[in-house]
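Take a look at the structure set out below.
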Amino acid sequence: MLIRTCRWWLVGPIGWRELLPLAVASVFGCSDLGPGGPPEVAMQSRVLAVGGSHTCALTPNGEAYCWGDNWAGQLGDGSTRTSATPVPVSGGLTFSTVTAGLFHTCGLTTNGTAYCWGNNQGNYYAEQVISRPAPVPGNMTFAALSAGGLDTCGLTTKGKVYCFGETPTAVPGEMTFATLTVGGFHSCALTADSAGYCWGSNSTGQLGDSLTTRSSTPVRVTGGFKFAQLSASGGHRCGPVGFLDCSYTCGVTAGGMVYCWGWEADIPAPGPGLPPLYHVSPRPVTGDVNWTAVAAGYRHTCGLSISRSAYCWGTNTYGQLGNGSTRDTAAPKAISGGLSFSVLSTGADHTCGITTSGAAYCWGNNEQGQLGIRRAYQPVSGGLTFSMVAAGDSHSCGLAAGGVAYCWGGNYFGELGTSSIGASSSPVSVSGGLAFKSLSAGYGYTCGVAESGAGYCWGSNHYGQLGNGSTSDSPAPTPVAGGLIFSAISPGPDQACGRTTDGAAYCWGSRPFNAILEYTLTPERVPGDVTFSTVVTGRVHACGLTADGTAYCWGRNRAQLGTGSGADSPTPARVSGNLVFSALTAGWYHTCGLTPSGRAYCWGDNDSGALGTGSKTDSPTPVPVSGNLVFAVLSATSSGSTCGLTTQGEVYCWGAIVPRGTIPVQVGDDKGFLTVGTGNHHVCALTASGTAYCWGRNLYGELGFDDPLGSIPISGVPVEVIGGHTFKSQ
């Protein structure tokens with residue numbers, strides 16, 4: 001007689017927000033047991049997988065659909081375009097398993113062949129980006145797959161674990177296993193007799209062997225537990241200098257108890273800069289719940305009860321606990337909606353589940369469309385008509401008729417200019433009754449030029465970036481000192497620069513070249529005899545454009561000065577290449593320029609792909625942006641990304657913002673935009689009719705509307721994935 005038993009299987013580290021953040025997804029699987037004997041490894045039905053910022057699921061007939069972030073081709077549809085709706089994985093393959101890592105996805109076909117797609121990090125194919133399923137080399141067949149942060153491991157029918165590189169390599173040791181879960185830097189597995197073993201990084205006790213010593217071979221989890229399922233999370237770098245891998249592991253025992261070990265979000269560090277506290281052996285999760293499954297995420301955990309009710313606990317910044325709030329909780333709390341789930345999968349900061357009817361629901365962060373809810377552009381609320389729009393770190397601003405300034409979003413430092421503190425998801429007028437001719441939103445503060453030419457700034461002033469002679473924040477517009485008449489002001493993260501009507505450049509705030517005085521509280525003229533038609537500001541550098549289109553940059557230099565070297569320059573230095581520019585824009589550590597013909601060039605740091613060249617190689621000289629697009633506007637962000645508006649009114653972005661990638665990718669549908677402004681994690685654009693649209697992160701209401709079931713990037717309650725698809729529920 002053949003007996004079929006079903007367990008919950010865990011797959012895939014997730015995450016992307018911090019240095020090597022990873023988490024894990026869980027899916028349901030079954031194994032066959034012979035008469036009276038231990039379980040043999042059989043094909044697993046892993047039907048749902050959450051990646052760093054994407055999600056995948058299998059239909060009842062084994063077709064794979066994915067949605068969300070796609071900068072590395074992790075959706076597998078042959079493109080690198082982000083999709084907020086499920087798209088079919090190309091190739092016509094039929095899968096029994098799908099598993100998602102940080103920026104990649106893998107699937108197992110019904111004949112045991114492993115396919116992967118997405119970010120390859122130079123492993124087993126020549127390309128770094130694989131946008132269609134490609135077979136894993138080595139001609140091996142597997143019974144199960146589990147994707148880690150940047151890794152994938154497979155379990156053979158003989159119970160041996162192999163991890164993929166140029167070719168699959170066996171995990172050291174002679175042990176055989178029945179299940180497998182891969183975390184960011186550690187993995188765990190169950191033997192046929194339900195004993196738990198883990199190996200890899202152990203800096204916060206995630207191996208559960210009562211030690212914190214790394215082990216390259218499997219070590220048994222202490223306590224003598226018989227587990228029905230294990231889940232290895234990824235975690236993030238932490239500790240005084242970020243040397244610890246803050247990961248943890250959870251397991252469900254045969255008796256329905258959940259135990260966790262390693263780093264836990266509900267145990268704070270004993271003090272600032274000190275290592276976190278953690279458990280080196282299993283500790284029971286509180287609550288009177290009879291558990292059947294657990295899924296360990298980045299900083300949150302979810303589980304299913306025997307009645308198929310879902311519970312989550314841990315960090316809840318993005319509503320990933322699904323209880324309708326963003327408050328953290330150390331104890332399991334039921335998600336909202338009363339849904340009955342067959343499958344749960346936890347990611348970095350979003351969670352998904354499949355109900356018993358086969359419907360997919362997701363909740364949490366939706367910056368990349370990973371919740372599968374529509375991210376169509378929606379106009380900023382209030383019915384206002386704007387003449388310009390600007391995006392900051394967590395707020396946005398626009399100029400309405402008569403030069404009246406409106407701002408919306410985060411207001412921790414007073415950056416909305418309302419004379420008070422308190423965020424607003426709809427536009428509120430800037431106090432003071434001033435009429436502005438230009439506005440620019442910075443990192444926690446805003447600056448504008450009044451109709452009189454006087455400069456005003458408001459918000460954060462830690463480095464003197466308001467230019468009013470103090471370091472006190474101001475929730476209302478305060479005049480920039482010196483009585484200067486400005487044509488424009490450009491606020492960077494820690495410093496602001498402005499151009500006066502006579503072409504002189506002045507900067508205030510952070511001053512990187514003075515070892516004694518770290519900042520200047522009032523405008524200080526940029527040395528040299530160059531006059532400018534444009535001045536833009538980065539974090540530790542600034543650039544200007546002369547009347548004849550020659551670009552100059554000054555400040556500290558991680559290649560963003562464009563001079564062909566890495567040398568700092570306290571005075572304006574000419575950008576190399578003899579290019580003529582019509583516009584400039586500066587990010588934290590990169591700069592971009594637009595030629596009169598509309599071609600975009602970028603230079604500087606390229607770790608996030610902000611240069612748009614198709615690689616992540618830095619360049620100390622201007623290099624053309626890929627795609628031969630003709631732009632009308634460019635806008636760089638402090639997060640290491642750039643967006644451009646084409647002459648056809650289409651928005652393209654590249655780098656760290658939505659969507660992420662190393663080449664320009666069109667964002668959303670063409671709305672016929674006239675201008676675009678980028679914040680740290682969001683974008684705003686203006687149509688010919690003066691209607692403002694924003695998209696991207698919406699933690700503080702910076703998108704200017706309140707629609708939790710529409711395009712909002714955060715949902716604290718489960719929302720159904722659109723598209724009308726029915727997915728496997730077990």
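The figures here come from the full heavy-atom set of this structure, side chains too, leaving out hydrogens, waters and symmetry mates.
- In this structure, a donor-acceptor pair under 3.5 Å is present between the side chains of His186 and Thr249.
- Contacts of Tyr361 classified as ring pair (Phe, Tyr, Trp, His ring centres under 6.0 Å), with partners at least two apart in sequence or in another chain: none.
- Among residue pairs with one or both ends in residues 175-208, those qualifying as disulfide bond (SG atoms under 2.5 Å apart) are Cys188-Cys198; sequence neighbours excluded.
- With sequence neighbours excluded, the residues forming a ring pair (Phe, Tyr, Trp, His ring centres under 6.0 Å) with Trp261 are Phe227, listed by chain and number.
- Scored by the side chain to side chain donor-acceptor pair (under 3.5 Å) test, Thr355 finds Ser357 as partners (sequence neighbours excluded).
- In terms of the side chain to side chain donor-acceptor pair (under 3.5 Å) criterion, Thr286 has no residue partners (sequence neighbours excluded).
- By the 4.5 Å heavy-atom criterion applied to side chains, His682 and Asn698 are not counted as neighbours.
- Among residues two or more places apart in sequence or in another chain, the side chain to side chain contact (heavy atoms under 4.5 Å, CB included) test is passed with Thr212 by Tyr278, Val280.
- Annotation: Ile306, atom CD1; neighbour count of heavy atoms from other residues, nucleotides and ligands within 6.0 Å does not exceed 12.
- Among the candidates Asn323, Asp328, Thr329, the single residue satisfying the side chain to side chain donor-acceptor pair (under 3.5 Å) test with Ser325 is Asn323.
- Ring-centre distance between Tyr318 and Trp363: not below the 6.0 Å cut-off.
- The side chain to side chain contact (heavy atoms under 4.5 Å, CB included) check on Thr169 picks up nothing, with sequence neighbours excluded.
- Listed by chain and residue number, Thr315 satisfy the side chain to side chain contact (heavy atoms under 4.5 Å, CB included) test with Thr317 (two or more places apart in sequence, or in another chain).
- In this structure, the side chain to side chain donor-acceptor pair (under 3.5 Å) partners of Thr113, at least two apart in sequence or on a different chain, are Asn111.
- Take Arg220 and apply the side chain to side chain contact (heavy atoms under 4.5 Å, CB included) test, not counting sequence neighbours, and it matches Ala195, Tyr197.
- Taking the side chain to side chain donor-acceptor pair (under 3.5 Å) definition, one finds that Thr59 meets it with Asn61, sequence neighbours left out.
- Residues Asp393 and Glu702 fail the side-chain proximity criterion, which asks for heavy atoms closer than 4.5 Å.
- Counting only residues at least two apart or in different chains, disulfide bond (SG atoms under 2.5 Å apart) contacts with residues 308-341 comprise Cys302-Cys312.
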